Amino acid sequence: MTEQTPAPLRRSDTCGALRASDIGRTVTLMGWSQTNRDHGGVIFLDLRDRSGVVQCVFNPLEAPAAHEVAQRVRSEFVIAVHGVVQPRPAGTVNPRLPTGEVEVHISRMEVLNAAKTPPFPINDDNAPEVDENLRLRYRYLDLRNTRMQQNLLLRHKAAQAARAYLDAQEFWEVETPLLIKSTPEGARDFLVPARLRAGEFYALPQSPQLLKQTLMVAGVERYYQFARCLRDEDLRGDRQFEFTQIDLEMAFVERDDVLTVTEGIIQAIMRVIGVDVPTPFLRMTFVEAMARFGSDKPDTRFGLEFVDLAGVFAATEFKAFAAVLAAGGQVKGINAKGAAGLSRRELDDLIAYAQSFGAKGMAYFQVTPEGLKSPVTKFLSEEERTAFATTLGAEVGDLLLVIADTPHVVAQALGRVRLHLGEKLGLIPENTWNFLWVVDFPMFAWNEETQQIDAMHHPFTMPKAEDLPLLDTDPLQVRGDLYDLVLNGNELVSGSIRVHRRDIQERVLEIINMPLEQVRERFGFLVEAFEYGAPPHGGMAIGFDRLIMLMAGEKTIRDVIAFPKTSSGADLMMDAPTTVDPLQLRDLGLQLRKRG
Ligand code: ASP
């Protein structure tokens, strides 16, 4: 009789789930071999699947055939094992591993697939940091690391939590197309040539802005979508060409309705990591945020707030301050409590840092028992020194920093110095989640380059009702019904109540000098839709990648995106972008020209 082939192994359990309560059970596991150690005959193999790692033991005396196969197994081989869960011998329990009380004694094993030696180790805490480009090139291996798997899992759970919350609030998830016409977010569009209409192009959406507003006219009332947004921007800082927003729009609402729903989503998402954030979130106007922190996305986890010194130096003879004040500039300071001990070198670096953000200089004063110590003290009168120290609440041991410049430069430079010092002086508490609404942004901004007024957000934002008269007299003073949600100094959400009245819309477009033909050309369908009964509406979009990044404690959004691009926009795994076949170009009616 021929020997019967044993039935193929079928997975019964996952590696990471095994506990002491499973002792005595016979299990079949499948996964990747993480490490394989031969201890004088007995082989210990760490088997990993998505759920975790468990130790498998191959004893040549108990199961010679399985042991023989195990000898040939290398890192990242895919294997199936069958055996009995046993307690680990006394003294070998690993409290750092959830499965650390048990091991599986293997009686049968199969190699499901061999693997080449990976270019970097997986889940090896002791290995040197792996170059990110190498990780991106072999992203499927990088994603096997527990840390990356946890990030994907967190992202999934957060998405589910948001969906459940929004469903309970009776929002409908509606998909909008990827091949559209240009949207008004102000970045460069990615274009897609239309094969069937040579010479014409689709744009990929920078956001579903116009479509979600159209959905309001369509009577959807409460819309959301996990929207992919595509912006062909220079990839400064931590940006990606494509990113995900939880995009939302509501009809028949005022600002606070949108804020409340947003808070509900954020609360639901934060519960995924066991953090219960209290609502409502703090609110601060744009003007206050700029005055106190020099930023429209202030990190409020620590103080070092700006103090306006215009009053103190109103009549000063110190030319550097007097000239700035006379020219309409600002003199502002911060009190770095207890930092008087910074070395000369550290102070020079701090000044150079302020200068790299446009400041001409930064004055510093060490508060000593003998009084203020500073190269500029001699230029200040006795009264000025006293008023200055009092206004900044100076105490012995403090370091006072002052910048005198245009409001823009003061905000930029002193704001950066503040953040820098917050970190350097260890003032930023860990595990603190400071959500802050910044509201009432200016509706318009002056564009130095084009010498024109631009819309601050997009041209469909509603001016604040009480500022409507200013549209005709002083547009740059008009505040928009705009709001941003900031988390620990990161902009997470932005949104607005939209214009639904034609007269206001026309006036806004006039102010930003967008001729009606251009409006019709670019957003004609929306303008037309608005003529058929647009409800009052507003919405917002949450930067989902950034939120998950902060929740995961990662430093870059690339670590919470499955297949991100490099900071220069390349996909190293797929090798994109690439040239294409000339025939494809011909089909599209395109011809490449040398860049000149
Ligand atoms: N579409 C806007 C953005 O991407 C968000 C909004 O106003 O709803 O910033």
Side-chain angles (χ1 to χ4, degrees), residues 162 166 171-178 180-190 203-217 220-233 239-251 253-263 265-266 286 296-297 437-445 454-464 479-487 490-500 505 508 512 522-523 526 534-547 557:
L166 287 161
F171 280 81
W172 292 354
E173 184 169 2
V174 182
E175 286 158 285
T176 53
L178 280 179
I180 63 166
K181 216 174 152 94
S182 182
T183 41
E185 305 294 351
R188 189 180 287 116
D189 285 324
F190 277 104
L204 299 178
Q206 294 184 30
S207 83
Q209 185 62 37
L210 301 181
L211 290 159
K212 69 175 172 176
Q213 291 194 241
T214 312
L215 285 173
M216 294 303 104
V217 183
V220 169
E221 294 194 22
R222 291 182 157 220
Y223 141 93
Y224 84 97
Q225 173 180 203
F226 276 74
R228 307 300 295 279
C229 302
L230 297 118
R231 300 181 190 177
D232 189 2
E233 295 179 294
R239 296 216 188 152
Q240 288 277 306
F241 284 146
E242 39 185 319
F243 56 94
T244 304
Q245 291 186 336
I246 306 181
D247 189 50
L248 175 148
E249 197 75 10
M250 305 167 77
V253 291
E254 292 173 0
R255 179 191 78 187
D256 287 4
D257 301 305
V258 181
L259 302 197
T260 303
V261 162
T262 309
E263 288 170 355
I265 302 171
I266 296 282
F286 169 84
D296 59 1
K297 45 176 171 99
W437 284 112
V438 178
V439 300
D440 297 354
F441 282 77
M443 174 85 186
F444 304 105
D454 285 344
M456 187 88 160
H457 191 50
H458 46 62
F460 303 107
T461 298
M462 186 72 155
K464 283 197 76 92
R479 292 164 304 163
D481 212 346
L482 284 160
Y483 32 86
D484 276 5
L485 182 64
V486 178
L487 168 57
N490 296 274
E491 184 192 316
L492 262 197
V493 171
S494 88
S496 63
I497 294 299
R498 328 293 185 189
V499 186
H500 67 282
Q505 184 68 75
V508 168
I512 62 170
R522 286 188 63 192
F523 326 116
L526 185 63
H537 62 285
M540 60 86 197
I542 302 177
F544 191 55
D545 309 289
R546 184 138 291 132
L547 176 57
I557 58 171

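No experiment lies behind these values; they were computed from the predicted model shown. Indexing begins at 1, ligand by ligand and atom by atom, following the structure's order. What's counted below: heavy atoms across the whole structure, side chains too, no hydrogens, waters or symmetry copies.
Looking at heavy atoms from C-beta onward, Leu166 lies in side-chain contact with Ile246 at the 4.5 angstrom threshold.
Contact residues for ligand 1 (protein heavy atom closer than 4.0 angstrom to any ligand atom): Glu185, Ser207, Gln209, Lys212, Arg231, Gln245, His457, His458, Ser494, Gly495, Arg498, Gly539, Met540, Ala541.
Using a 4.0 Å cut-off between a side-chain N of Lys or Arg and a carboxylate O of Asp or Glu, Lys181 and Asp189 do not qualify as a salt bridge.
In this structure, Thr461 contributes its side chain and His457 its backbone to no donor-acceptor pair below 3.5 Å.
Between Phe286 and Phe441, the angle of the ring planes lies from 30° to 60°, which puts this pair in the tilted group. Ring orientation note: the planes of Tyr224 and Phe226 are nearly perpendicular, at an angle over 60° on the 30°/60° scale.
Of all heavy-atom pairs between Arg546 and Glu491, the closest is CD-O, 4.1 Å.
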